[in-house]
There are 2 protein chains.
Amino acid sequence: MDYLEERLPQNSAPEAGLSGSQSVDRALGLLSLIGREPAEGLPLGEIVSGSGLNKPTTRRLLLALMRAGLVEQEPQTRRYCLGEEAFVLGVLAARRHGLLEIAMDGLRRLSAETQDTSFLTVRRENYAICLHREEGTYPVRTHALQAGDQHPLGVGAGSLAMLAALPDDDVDRVIVANEAVLLARYPGFAPDALRVDIAETRARGFSLNPGRLVASSWGIGRAFRYPDGRVAGALSIAAIDSRMAPGRQAELAVPLAREAERMEALLAEMFVSKRAGRPMAAAMPRSIETGRAAR
Amino acid sequence: MDYLEERLPQNSAPEAGLSGSQSVDRALGLLSLIGREPAEGLPLGEIVSGSGLNKPTTRRLLLALMRAGLVEQEPQTRRYCLGEEAFVLGVLAARRHGLLEIAMDGLRRLSAETQDTSFLTVRRENYAICLHREEGTYPVRTHALQAGDQHPLGVGAGSLAMLAALPDDDVDRVIVANEAVLLARYPGFAPDALRVDIAETRARGFSLNPGRLVASSWGIGRAFRYPDGRVAGALSIAAIDSRMAPGRQAELAVPLAREAERMEALLAEMFVSKRAGRPMAAAMPRSIETGRAAR
DNA sequence: AGAATAAGGTCCATATCATGGACTACCTGG
DNA sequence: CCAGGTAGTCCATGATATGGACCTTATTCT
């Protein structure tokens with residue numbers, strides 16, 4: 001990460017509705033920004049430029065986040081990163097949003113059956129986040145994707161599966177939003193290439209990443225949906241190219257599809273049990289633009 | 001939960017230092033408050049009284065949290081609960097604060113060896129939070145403790161182990177802070193009883209909960225520390241009383257101690273690898289009072 | 001060494017933004 | 001149909017967050 005900053009969503013909506021809590025919005029924006037670099041953390045300067053805020057404001061908000069334990073500052077490097085409280089909150093939230101819990105069994109089965117590494121990925125705005133990586137037993141493994149890694153939607157097997165599962169206008173919005181990043185940092189994933197991938201994914205029934213992110217590291221993926229049709233996430237399997245010949249792809253696609261369908265069944269169950277037949281929990285907008293006060 | 005509200009920390013510090021971001025502090029306070037009821041969520045009224053803020057302010061801050069996806073509102077019940085984004089953030093933060101990841105192997109070993117259910121618990125202010133529950137194979141299992149459950153420090157095996165591991169003045173502070181809650185909602189865990197438990201725990205080398213929270217559901221626990229001596233968390237094992245006779249307690253204490261020591265070794269490793277021999281990441285205060293603007 | 005650059009961090013007068021009293025809307029039970 | 005309770009909104013006011021200017025500490029260059 002370096003030159004050619006991509007900034008926060010940069011809210012296309014031109015100052016939608018005065019929120020009435022600018023500073024909270026800004027602080028939570030910083031939180032999300034810091035979440036993008038979970039491994040290393042970010043230095044103040046980058047947070048400043050990445051958020052579009054000025055230094056004192058950024059620092060003041062960071063202090064508030066640190067008081068709450070959501071952010072910590074490495075005393076040595078002075079970089080800011082997610083704090084322990086963020087982790088704990090996540091565990092608490094997992095009770096309701098326990099995609100991972102639900103998926104674990106399936107991932108374990110996939111990896112046991114195929115000997116390869118399997119993944120759970122979810123969408124977050126225009127990005128895909130890997131939530132879990134379940135190691136396979138096969139000795140040669142690809143480590144192209146770790147839990148917490150984030151790539152633009154369409155980059156990687158699970159990520160592509162989710163993008164292809166979206167309605168066409170959403171696809172367009174996402175690709176447009178990511179265009180700059182794709183061109184700058186993901187050679188081989190130009191918008192046009194992605195559109196071809198999407199068509200192929202839809203025709204084939206599963207997505208394929210032919211080692212385009214890391215050479216020789218191939219993967220196939222399949223999305224699954226909430227009962228109301230929204231894309232909930234994707235399961236994927238990765239292996240070295242020699243274990244991903246077309247024949248084996250088709251072979252792997254069977255258990256992959258089975259587990260994805262199982263996920264949909266589990267999610268359906270989860271929602272009827274919780275609320276009597278209502279459409280959805282998070283049916284409220286949660287729109288593409290996070291309502292960032294970009295200015 | 002009902003009458004006899006216990007409110008947010010209610011900041012003993014009388015307006016410490018003007019934070020410069022009151023609203024952010026307040027919003028994050030709400031987030032933590034909502035995190036206390038991860039299963040059901042909280043209605044607006046309870047958040048209002050629990051936070052000490054007034055309704056419009058509370059609502060405005062909740063809207064901000066919802067915009068960020070950290071909080072969701074059940075459309076049916078109108079209750080507010082942690083949102084999907086909180087879950088995702090947690091997964092991201094797990095990369096650095098991966099206590100759970102580190103502990104999983106140990107928990108699996110414990111449950112496999114003993115056939116009983118084992119737990120990872122961490123401290124959060126004056127409370128203990130159960131982060132994971134690893135099922136044992138023995139057919140009669142106690143479900144007194146679930147992932148995400150919170151009890152005052154000292155209530156429950158792991159929780160008591162952590163309290164007993166604190167220096168005496170911290171113990172006092174915690175017990176004083178929890179006194180009201182303990183008396184009101186945890187019969188059998190009166191402050192004096194806790195002090196006896198602590199002494200016994202220290203003498204014995206592990207904590208024991210003799211079915212005091214849920215009858216017949218016994219447990220033993222042992223805390224482990226960060227390299228700098230701070231308590232990091234506790235491991236515990238629970239079973240029905242018939243499987244917790246003194247003889248078996250001593251037997252179980254062996255693998256429990258082994259795994260706790262392993263945790264300390266892993267944590268030590270984690271910190272040297274990350275930062276060359278510096279004291280600690282979260283060495284900054286993170287004081288008992290959350291800096292709430294209680295007014 | 002010492003100067004120069006850059007990044008992290010803080011101050012404080014100003015006006016913008018968050019505040020909360022008062023109001024309305026909507027249920028639920030009697 | 002009304003009483004009581006809860007959820008949610010409005011908007012004038014002043015307390016609060018803002019950001020330009022300034023200070024401090026590390027690192028690089030000569």
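Since the structure is predicted, the reported quantities are computational estimates derived from the model, not experimental observations. Hydrogens, waters and symmetry mates play no part in the numbers below; they use all other heavy atoms, side chains included. Within every chain, numbering begins at 1; the chains are lettered A, B, ... in the order of the sequence lines, protein sequences first and strands thereafter.
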Would you mind reading off the distance between [X] atom [atom1] and [N] atom [atom2], rounded to a whole angstrom?
| X | N | atom1 | atom2 | value |
| --- | --- | --- | --- | --- |
| B/Ile47 | D/dT6 | CD1 | C1' | 13 Å |
| A/Leu62 | C/dG9 | CG | C1' | 12 Å |
| A/Glu74 | D/dA26 | CD | C1' | 17 Å |
| B/Leu53 | C/dT19 | CG | P | 8 Å |
| B/Gln22 | D/dA17 | CD | P | 5 Å |
| B/Asn54 | D/dT6 | CG | C1' | 16 Å |

Residue list, salt bridge (charged side-chain N to carboxylate O under 4.0 Å, His left out) with B/Arg60, at least two apart or on another chain: none
With each end axis built from five pairs of C1' atoms, what bend angle do you get for the helix from C/dA1-D/dT30 to C/dG30-D/dC1? Round to 10°. 40°
For D/dA17, does either OP1 or OP2 sit under 4.0 Å from a side-chain N or O belonging to B/Ser21? no
Short side-chain N/O contact to C/dA18 OP1/OP2 from A/Arg26, under 4.0 Å: no
Looking only at non-hydrogen atoms, find the nearest pair between B/Ala190 and B/Leu183 and report the distance. CB-CD2, 4.3 Å
Strictly distance-based, threshold 3.5 Å: is any side-chain N or O of A/His132 a donor or acceptor partner for the main-chain N or O of A/Gly148? no
Could I get the full list of side-chain hydrogen bond (donor to acceptor under 3.5 Å, both in side chains) partners for A/Arg225, not counting sequence neighbours? none
Listed partners of [X] passing side chain to side chain contact (heavy atoms under 4.5 Å, CB included), at least two apart:
| X | result |
| --- | --- |
| B/Ala232 | B/Phe224, B/Tyr226, B/Leu267 |
| B/Asp170 | B/Leu166, B/Pro167, B/Arg173 |
| B/Leu44 | B/Val48, B/Lys55, B/Thr58, B/Leu62, B/Tyr80 |
| A/Val176 | none |

Between B/Ile34 and B/Leu70, is there a side-chain heavy-atom distance shorter than 4.5 Å? no
Base, backbone or nothing for each nucleotide of nucleotides 7-13 of chain D, written B, S, -, heavy atoms under 4.0 angstrom, 5' to 3'? BBBB---
Under 4.0 Å between any heavy atoms, over every strand shown, what does A/Ser23 touch: base, sugar-phosphate, or nothing? Just pick one. sugar-phosphate
